[in-house]
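Lettering of chains follows the sequences in order, A, B, ..., and the numbering in each one begins at 1. Computed from a predicted model, the values in this text were never measured in an experiment.
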There are 2 protein chains.
Amino acid sequence: MTATKTAPRWSRLEHDERREQILATARALFTQRPYGAVSTIEIAEAAGVTRGLLHHYFGTKRSLYLEVVKDLVDSPVLSVLNALTAAASEEGAPTWEAGVALWLDVVEANEDAWLAAISAGETGSDRAMHDILDEARERTATQVIAVLGLDEKRVPEARALVRGFGGFAEEITREWLQRRRLTKEQVRLLLVGALPGMVAGLLPEVVSARGL
Amino acid sequence: MTATKTAPRWSRLEHDERREQILATARALFTQRPYGAVSTIEIAEAAGVTRGLLHHYFGTKRSLYLEVVKDLVDSPVLSVLNALTAAASEEGAPTWEAGVALWLDVVEANEDAWLAAISAGETGSDRAMHDILDEARERTATQVIAVLGLDEKRVPEARALVRGFGGFAEEITREWLQRRRLTKEQVRLLLVGALPGMVAGLLPEVVSARGL
DNA sequence: GTCCCTATTGGCAGCCTGCCAGTAAGCCGA
DNA sequence: TCGGCTTACTGGCAGGCTGCCAATAGGGAC
């Protein structure tokens, strides 16, 4: 026997499976260190494959990175969306309080992913990156507008206000998870109270100032 | 005469002068394209020097970039700080309304720099970058706390709230300058109203929820 | 057991950064 | 006015990293 049945040097996975595996590895590394400090060879080795395969699946390092960010941003957003629609079908339209509570739970559960996602952004002035984040935020704003029952057509300023509130929410959540200056309950109170307060107290004024 | 007085191939500038020149060139490029898409040779050529000189002055490409961002972030912040102290010495303590108005004027005047600064941020998870932006925001928060006359010692939650408001303000300003969904006057109304409203309406509630 | 598809490898070419030894601009004292 | 000296500035080399592609070999189909 010349053929001593050699063990396979590498295993052949299904396309999607390998893709997911590489993506997960890349995500782990990119959330730890900035883009430039992670090399493709490092990702490849961590995933147990060669560099060439990364390019086979994702084309370029940058597009792999974009894929990771997209993943990071989408997962929390989608979780909330799913949870909200589930809640809606169970007990009618979800209230604002319920939506905020849900949001906090999801963020708490995906703490690392969420922090990475909101501070992933905008390498200098990268258009593609900017678009991914902006679109996710815009989607969230749409959801919020729906839950609050705002009439976006008559009051386009509502979306701007909600986007502003989004910035507020991100920063407040950082105060909670990163800088530990607030508790979850305090964050809840702030988020629950801030937006309705502004909608009631400021939005009419802002609307009547149109064109100035 | 063998020596036909050859014109100097390059001119020798003073240390600080050359440094400023390179920095300005780098800023122009980095505000247009992301970090990775700008090469040192490009910066060098645009500045009319060689690549080696960049490293002579700034050591590494990354530290040149950090210098640019620091510059970008500091200039608007410092402008407002200066203007505020000037206003204060003229007519006593500045009011919140006056502070907001000032802020808007400064931002409007430095529109490009400001937009670049707030979206320059956080290359992936770059500590140094993060620190620069965070420190600038923290400084702004301090200023706001002072203008509003909040007692930070007794109410540490005030700073968290103000930071949250900072996120709101950044996003709202984007709505004005970038997405053009709000006018300057609308932004003014929102900024003037939002924070005092939250301080009066939410802060007490948040404080009494300490430890939860 | 054989064939074939394609997932996977391995190495080459080009670019870019960091570095350093050498060169020359231009001020300064004689 | 002229030589000397400081140091701003240049030019090219070395290492590393990305993008690419032809060759190889799992492993399922038949």
Step by step, work out the side chain to side chain donor-acceptor pair (under 3.5 Å) result for T142(B) and R159(B). CA-CA 8 Å; T142(B) 304; R159(B) 178 167 288 265; 2.9 Å; yes

Starting at atom [atom1] of [X], determine the distance to atom [atom2] of [N], rounded to an integer number of angstrom.
| X | N | atom1 | atom2 | result |
| --- | --- | --- | --- | --- |
| I43(B) | dG18(C) | CD1 | C1' | 14 Å |
| E20(A) | dA7(C) | CD | C1' | 17 Å |
| R9(A) | dT9(C) | CZ | P | 10 Å |
| H15(A) | dG28(D) | NE2 | P | 17 Å |
| K61(B) | dC17(D) | NZ | P | 15 Å |
| E45(A) | dT9(C) | CD | C1' | 14 Å |
| E14(A) | dC5(C) | CD | C1' | 13 Å |
| I41(A) | dT18(D) | CD1 | C1' | 11 Å |

Ion pair check, [X] and [Y], cut-off under 4.0 Å:
| X | Y | value |
| --- | --- | --- |
| R27(A) | D112(A) | no |
| E14(B) | R19(B) | no |
| E135(A) | K70(A) | no |

Checking R180(A) side chain against L177(A) main chain: does a donor-acceptor pair fall under 3.5 Å? yes

Of all residues at least two apart in sequence or in a different chain, which pass the salt bridge (Lys or Arg N to Asp or Glu O under 4.0 Å) check with K184(B)? D105(B), E108(B)

Can a donor-acceptor pair under 3.5 Å be found between the side-chain atoms of R12(A) and the base atoms of dA7(C)? no

Is any side-chain heavy atom of L161(A) closer than 4.5 Å to a side-chain heavy atom of F165(A)? no

Where along residues 49-60 of chain A does a heavy atom fall under 4.0 Å from DNA chain C? V49(A), T50(A), R51(A), G52(A), L53(A), H56(A), Y57(A)

Nearest to the side chain of S39(B), which nucleotide is it out of dA25(D), dT17(C), dG26(C)? dT17(C)

Given dG26(D), is OP1 or OP2 found less than 4.0 Å from the side-chain N or O atoms of S11(A)? no

